[in-house]
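Here is the structure we will look at.
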There are 2 protein chains.
Amino acid sequence: MAGEDRAEGFEKSGDLDFPRPLTTVDVVIFSIRGDQLQVLLVRRPAGEDEPFPQALALPGGFVDVVKDRDLAACAARKLKEKTGVTAPYLEQLGSWGSASRDPRGWSATHAYFALIPEEAGALTPDARWFPIQGGRLKEKLAFDHSDILASAIQRLRNKVEYTSLPAYLMPAEFTLPDLQRVYEIVLDRPLEKSAFRTRILSADMIEPVAKMRRGPNRPAQLYRLKKNSKPVYFVRTFNPPE
Amino acid sequence: MAGEDRAEGFEKSGDLDFPRPLTTVDVVIFSIRGDQLQVLLVRRPAGEDEPFPQALALPGGFVDVVKDRDLAACAARKLKEKTGVTAPYLEQLGSWGSASRDPRGWSATHAYFALIPEEAGALTPDARWFPIQGGRLKEKLAFDHSDILASAIQRLRNKVEYTSLPAYLMPAEFTLPDLQRVYEIVLDRPLEKSAFRTRILSADMIEPVAKMRRGPNRPAQLYRLKKNSKPVYFVRTFNPPE
DNA sequence: CATAGTTAGTTGTACAGTCCAACTTACTTA
DNA sequence: TAAGTAAGTTGGACTGTACAACTAACTATG
């Protein structure tokens, strides 16, 4: 068997004739919809030789060595295919690889993590939004996608404590209370209003537009993200509960 | 695994009959040696069909689908092979994959990041320590390993601002000024003594041992890491310069 | 044996930013 | 006109860092 004589020393030769793991990319796509954090999932195809037929899964699939220049391009392609948008925020989450995660053999997936605003895009028919409740998803997922999603949620929550990431979940124009609400949804705890405003406004990441949001009470100033605004890293977290 | 017949990554079985990228794992191993942050590099083999012959590179290599249960195990194996130690700290850094990074074809590497104390282990003869100076390595590396290393340095510096990671670079027993020195080496800036002590001591991660470090001046209290001490995340960064 | 030198470790004042709570402002609706 | 609500501001208490001066414990030197 090809794998055996390679097992001791691939490194010492240019011979590439040994078994290769399967290589995939999966994307965890978050959005805020109806005052909840939601994640985009697809239903896997039915079929005899499909792993996890009909199960829910993260959007993703095999790297296409012809189409995909690199991993990020592959992730962006899969995101675009499912949602029709190019995400304002796409970062790598990590990779998961083992002999057992895919019944078809040793496989490794490169997981990405995207934030998109509610308004964005037209979904493909097989994709749907599912709410994250109490920091977790109710549904079971195919492969080790539940682990990947849990890791993505943890990373998101963690980063929201000290970055401006939620700005990428906002529509083009939003108010400060809107933004605070998104922080609170992701962190699942209330934040202090005046400290929140001070922090965001001094971060130089948003700018007021010459309009107010009008409603049944006092109008609120509308803001937009500044052009080319990279995520801001605060030097403190929001003070954690306890 | 499925097929016996493999050539250039084509797996001839069912719907998996398409080219697969090469899959490797690389490890960025940091240590403090002689008051400098250093990284462990190996020299690549010579040979006609070797990519980057004789070049310096991160320790790593192909995933072995027989030996390696998962990616972390593969990384731990490579670390052990090169240094003889099991690192007190090993985390995933990210993955790099593209059509162009390896002349042998589409390849993806899963990069890990390890911290080990100076005292540790016996190196293999092909491995050597190289200093990081001014936040960068002087030497050029094979593949895209310079990018991976730069990313590792950035991640390390960033995390050192708000975590207890440097504790994993310390010998079994150390003093608070020792630890502060390591923080300062990694961050390449001085930290304030009293704030540093307050922060570390209130983090409940180290405990005094009943000994003092004696020297030509006032003895210093020796400490050790508490058992099973996970990295601590502080709620503030050390106050950044400017 | 006294004193200078060095590093460990503490203390005190200033300051920045959050926490908490009360307050003012601007609007709608009854 | 008054009540209700959400936006936005203000002020005092508190926490932890910045900065700087201080004390403590040791060695080396003359």
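Heavy atoms only: backbone and side chains are in, while hydrogens, waters and symmetry mates are out. Quick note on labels: first sequence line is chain A, next is B, and so on, each numbered from 1.
- Atom pair A/Arg213:CZ and C/dT25:P shows a separation of 24 Å (rounding to whole Å applied).
- Defined by atom type and a distance below 3.5 Å, a donor-acceptor pair is missing between the side-chain atoms of A/Ser95 and A/His110.
- In summary, the side chains of A/Arg213 and A/Thr175 do not present any donor paired with an acceptor at a separation below 3.5 Å, with no hydrogens or angles considered.
- Between the side chains of B/Gln133 and B/Lys138, at least one donor N or O sits under 3.5 Å from an acceptor N or O.
- The pair B/Glu81-B/Arg77 meets the salt-bridge criterion, with a side-chain N (NZ, NE, NH1 or NH2) lying under 4.0 Å from an Asp/Glu carboxylate O.
- A cation-pi arrangement, defined by a distance under 6.0 Å to the six-membered ring centre and an angle within 45 degrees of its axis, is present between A/Arg199 and A/Phe238.
- For A/Leu191 and A/Gly215, each mapped to the nucleotide of DNA chain C holding its nearest heavy atom, the one lying further toward the 5' end belongs to A/Leu191.
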What string of B, S and - do you get for nucleotides 6-16 of chain D, 5' to 3', if B is base contact, S is sugar-phosphate-only contact and - is no contact with any protein heavy atom under 4.0 Å? BBBBB----BS

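- Rounded to an integer number of Å, the gap from CD of B/Glu161 to P of D/dT17 is 13 Å.
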